Peer 1: 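Dropping the structure in here first, questions after.
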Amino acid sequence: MKKSNLYSYVRASVIVVLVISIVVLGVADSQTLYAAGSSGTVSSNDVYVLSKLIAGEARGETYLGQVAVGAVVVNRVRNPNFPNSLYGVVFEPGAFDAISDGQYYREPASTSVQAARAAISGWDPTEGAIYYWNPATATSRWVWSRKIIARIGKHVFAR
Amino acid sequence: MKKWGIPLLAAVFLLGLWTTGVWGYREYQARQSLQNRTESQYQRSFHELTWHMDMISGQLAQLLVSSSKEQAALSLATVWRQAFAAQANIGGLPLAFVPLSKSEKFLSDIGDVSYALLRRTTQSNSDPSESDRRLIEELYKQSQGLKEDLSRLASQVLNKQSSWTQVEVAAREAGVEMQDNTIIDGFKLMEKKMEEYPEINLGEDFTRLQPEKKVVQGASELTAQEAQEIARKWWFGDNDTHQVQIDYEGVGDIPTYGVELLPLAEEENSTFIDISKLDGTVIWAMKQKTLSPASLDLSQGEEYAQTFLKKHGYSNMVGINVERADNLVTFTFVPKQGEILLYPDQVKIQVALDSGEILGFEGTPYYMYHKTRELNAPKLDEDKLRQQISDYLKIETIRPALIADTWGKEIMTWEVRGSFAEEKFAIFYNADTGSEEEITRITPSTQYQFNVSA
């Protein structure tokens with residue numbers, strides 16, 4: 001009697017696990033569907049690429065903090081020590097966490113698109129910063145040797 | 001049930017084990033194949049970098065041994081192209097956390113010098129001068145050093161089968177122990193050698209300068225309290241009720257207070273205003289808003305921008321550029337001195353086309369460079385100018401303008417705006433000699449529909 005109890009227990013748990021995973025996967029699927037149909041914006045490709053980077057790098061930051069991150073990318077394009085195009089700077093291997101961990105590949109919020117537009121048009125709250133990092137999570141000791149010129153939200157900006 | 005229970009469970013278990021095994025092995029294979037593809041891209045960038053460096057030093061030497069101006073122009077164009085390609089190669093390598101500023105600056109210098117010399121060679125129709133040759137010789141010596149270090153490193157990387165993907169992983173995850181430091185050490189050594197070379201004096205012909213900055217002096221440094229008051233009144237007028245706070249103090253080229261006006265009940269977001277500590281001028285300002293469908297057209301939007309500018313003391317401004325995306329427009333204005341447009345002293349304004357509200361102001365160049373200049377009327381008259389303009393250009397406007405060239409030097413020009421097919425251009429002709437100083441493409445970039453999340 002005891003043994004058959006065990007079997008039915010195992011059988012039940014397998015079914016439960018299967019049902020849960022189907023439900024979870026189904027929900028996840030429908031969520032992506034909703035996100036895709038949300039709302040739209042009109043932009044040039046470079047603005048949209050930058051807004052995706054800003055969304056991935058500065059989620060939760062104020063509009064100011066988001067423009068600042070965009071400005072760092074724009075400043076890098078002009079700096080001799082970085083690639084010469086916006087695309088080169090954004091996709092430089094290892095340069096941005098959002099590219100490495102895939103956050104870049106999500107849809108940006110409309111705030112990030114407006115921030116990208118401002119940064120490309122020349123708004124720069126950092127006054128020429130080419131680096132930024134979050135002091136709470138930064139792992140590289142090397143970045144601290146740069147000259148800090150602004151602190152905006154969670155990020156430190158430096159030249 | 002009792003009879004079949006145990007064998008059935010065992011079969012299911014074995015089946016599960018087998019499936020997991022197969023799945024795991026496939027995942028492993030997929031990962032390996034992905035890693036090999038990444039590695040091959042890095043290898044390509046790295047070996048191409050070495051190859052481009054070799055071409056650069058070879059072409060620089062060729063410049064010195066040749067005495068023909070046609071050969072010089074060809075070599076300079078090659079050097080310029082190779083330097084650009086080498087920079088792109090470095091940008092494709094996972095070296096973001098290896099300090100390479102000297103080496104990268106050197107490549108960029110080579111690009112700048114070859115471009116400037118190429119321009120001069122074609123304009124003056126003469127081969128490089130004696131002092132140019134000394135500069136080229138200096139560049140050759142350093143590029144030779146760089147080339148040797150790189151090709152030696154390349155042979156070591158080949159010999160030891162060193163992996164670039166490992167460098168990338170080590171850069172991404174702190175604390176990963178590298179088994180093979182060949183690549184990182186090689187680049188560090190190369191950079192160290194570059195640091196030991198004496199600084200090359202490029203001279204003012206080749207150095208990218210910023211236009212001369214205006215010296216701003218206030219009576220005394222602004223206090224945070226004063227900055228907050230100025231910020232509030234500047235955007236919202238005397239009776240404003242925003243809560244104000246200082247977010248940061250900027251220590252860049254202009255010392256500033258970053259003031260934040262916290263949102264009122266009916267506003268979505270804060271307003272940010274950056275104020276110079278030197279004299280209380282607003283350098284830039286911005287806020288974010290979700291826009292409703294546009295009810296204004298561009299010329300109405302420009303009127304709102306002009307009114308805003310006048311109210312804040314920017315008079316005699318002329319619109320030189322309009323960028324529209326959705327219902328947000330960015331206008332660029334420059335001041336006029338007499339009839340002459342002062343391109344270096346720009347101001348940008350963002351206007352929401354749903355209400356005419358100003359969402360952004362950017363006046364850094366105006367603040368840094370604007371002053372009354374001593375300017376002479378163009379020597380070349382407009383009719384003469386018209387004769388030399390290409391027949392392909394459909395001329396729209398001709399007006400006198402002061403511009404700053406690539407090297408930061410201010411030049412008096414005639415600005416000719418026009419179009420060819422779908423493209424729009426602003427061409428700047430030297431107002432005295434008539435030579436083409438600069439051509440700027442002002443075709444608006446193509447806009448597409450994109451998704452955004454709420």
Side-chain angles (χ1 to χ4, degrees), chain A residues 3-4 7 10 35-48 51 55 62-64 66-67 80-84 88-89 92-95 97 100 106-115 117-118 121-129 139-140 142-143 148-153 159, chain B residues 1-2 5 9 42 84 87-88 90-97 99-101 104-105 107-109 168 171-172 174-175 247-248 250-254 256 258 260 269-270 272 274 284 286-288 290 323 325-326 328 330 346 348 350 359-360 362 364 445-454:
Chain A
K3 265 182 192 167
S4 86
Y7 298 149
V10 169
S38 54
S39 62
T41 183
V42 173
S43 269
S44 51
N45 289 341
D46 54 349
V47 169
Y48 196 65
S51 67
T62 59
Y63 181 57
L64 179 77
Q66 298 199 16
V67 177
N81 294 337
F82 291 93
N84 294 320
V89 167
E92 188 182 8
D97 288 342
S100 318
R106 303 205 302 212
E107 267 173 22
S110 58
T111 314
S112 306
V113 179
Q114 199 184 322
R117 271 183 202 138
S121 295
W123 272 258
D124 180 8
T126 72
E127 279 198 52
T139 44
S140 165
W142 170 75
V143 290
I148 295 176
I149 49 179
R151 282 167 200 274
I152 299 170
R159 255 202 275 244
Chain B
M1 185 69 224
K2 263 184 194 170
L9 204 66
Y42 289 151
F84 191 84
Q87 284 178 295
I90 291 192
L93 290 170
L95 290 169
F97 290 98
L100 284 177
S101 55
E104 286 168 332
K105 175 74 172 33
L107 278 176
S108 148
D109 282 352
E168 193 224 307
R172 198 174 54 218
D247 281 351
Y248 63 89
V251 292
D253 286 337
I254 311 167
T256 60
E260 178 173 358
N269 281 305
S270 292
F272 302 95
D274 202 53
W284 54 257
M286 58 185 173
K287 65 170 150 185
Q288 193 271 332
T290 309
E323 293 162 65
D326 280 343
L328 182 71
T330 310
Q346 294 185 356
K348 291 191 181 188
Q350 284 182 325
L359 293 185
E362 212 294 314
T364 314
S445 49
T446 319
Q447 309 263 318
Y448 300 98
Q449 184 76 40
F450 290 107
N451 292 324
V452 291
S453 61

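Quantities reported herein were computed from a predicted structural model and do not represent experimental measurements.
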Peer 1: Check whether any side-chain heavy atom of Thr111(A) lies under 4.5 Å from a side-chain heavy atom of Tyr63(A), and answer yes or no.
Peer 2: yes
Peer 1: Contact part of Gln449(B) toward chain A, heavy-atom cut-off under 4.5 Å: side chain, backbone, both or neither?
Peer 2: both
Peer 1: Can you check whether Tyr448(B) reaches Ser43(A) side chain to side chain, under 4.5 Å on heavy atoms?
Peer 2: no
Peer 1: Are side-chain heavy atoms of Ile254(B) and Thr364(B) found at a separation under 4.5 Å?
Peer 2: yes
Peer 1: Which distance, rounded to the nearest 0.5 Å, do you find between the CG of Leu93(B) and the CD of Glu168(B)?
Peer 2: 11.0 Å
Peer 1: By a 4.5 Å heavy-atom criterion (distance strictly below it), what part of Asn269(B) contacts chain A: side chain, backbone, both, or neither?
Peer 2: neither
Peer 1: With only heavy atoms counted, which part of Thr330(B) is less than 4.5 Å from chain A, the side chain, the backbone, both or neither?
Peer 2: side chain
Peer 1: Quick check for you: among Ser51(A), Ser110(A), Ala150(A), which has the greatest number of heavy-atom pairs under 4.5 Å with chain B?
Peer 2: Ser110(A)
Peer 1: If I measure from the heavy atoms of chain A, does Phe272(B) come under 4.5 Å with its side chain, its backbone, both, or neither?
Peer 2: side chain
Peer 1: Between chain B and each of Gln66(A), Arg106(A), Glu92(A), count heavy-atom pairs under 4.5 Å; write down the option with the most.
Peer 2: Glu92(A)
Peer 1: With chain A, which of Gly92(B), Gly258(B), Gly250(B) has the greatest number of heavy-atom pairs at distances under 4.5 Å?
Peer 2: Gly92(B)
Peer 1: We want to know whether Asn451(B) and Tyr48(A) form a side-chain donor-acceptor pair, criterion being a heavy-atom distance below 3.5 angstrom.
Peer 2: no
Peer 1: Please classify the contact between Thr62(A) and chain B as side chain, backbone, both or neither, with a heavy-atom cut-off of under 4.5 Å.
Peer 2: side chain
Peer 1: Asp124(A) versus Thr126(A): any side-chain heavy-atom pair under 4.5 Å?
Peer 2: yes
Peer 1: Taking every non-hydrogen pair under 4.5 Å, which of Met286(B), Lys105(B), Gln87(B) racks up the most with chain A?
Peer 2: Met286(B)
Peer 1: If I measure from the heavy atoms of chain A, does Leu107(B) come under 4.5 Å with its side chain, its backbone, both, or neither?
Peer 2: neither
Peer 1: Does Phe84(B) have more than 12 heavy atoms from other residues, nucleotides or ligands lying within 6.0 Å of its CZ?
Peer 2: no
Peer 1: Out of Pro94(B), Ser445(B), Ala325(B), return the one with the most heavy atom pairs under 4.5 angstrom to chain A.
Peer 2: Ala325(B)
Peer 1: So which heavy atom on Ser270(B) is nearest to which on Glu260(B), and how close?
Peer 2: OG-OE2, 2.6 Å
Peer 1: Go through the atoms of Gln346(B) and report whether side chain, backbone, both or neither lie under 4.5 Å from a heavy atom of chain A.
Peer 2: neither
Peer 1: Can you tell which part of Val89(A) gets under 4.5 Å to a heavy atom of chain B, answering side chain, backbone, both or neither?
Peer 2: neither
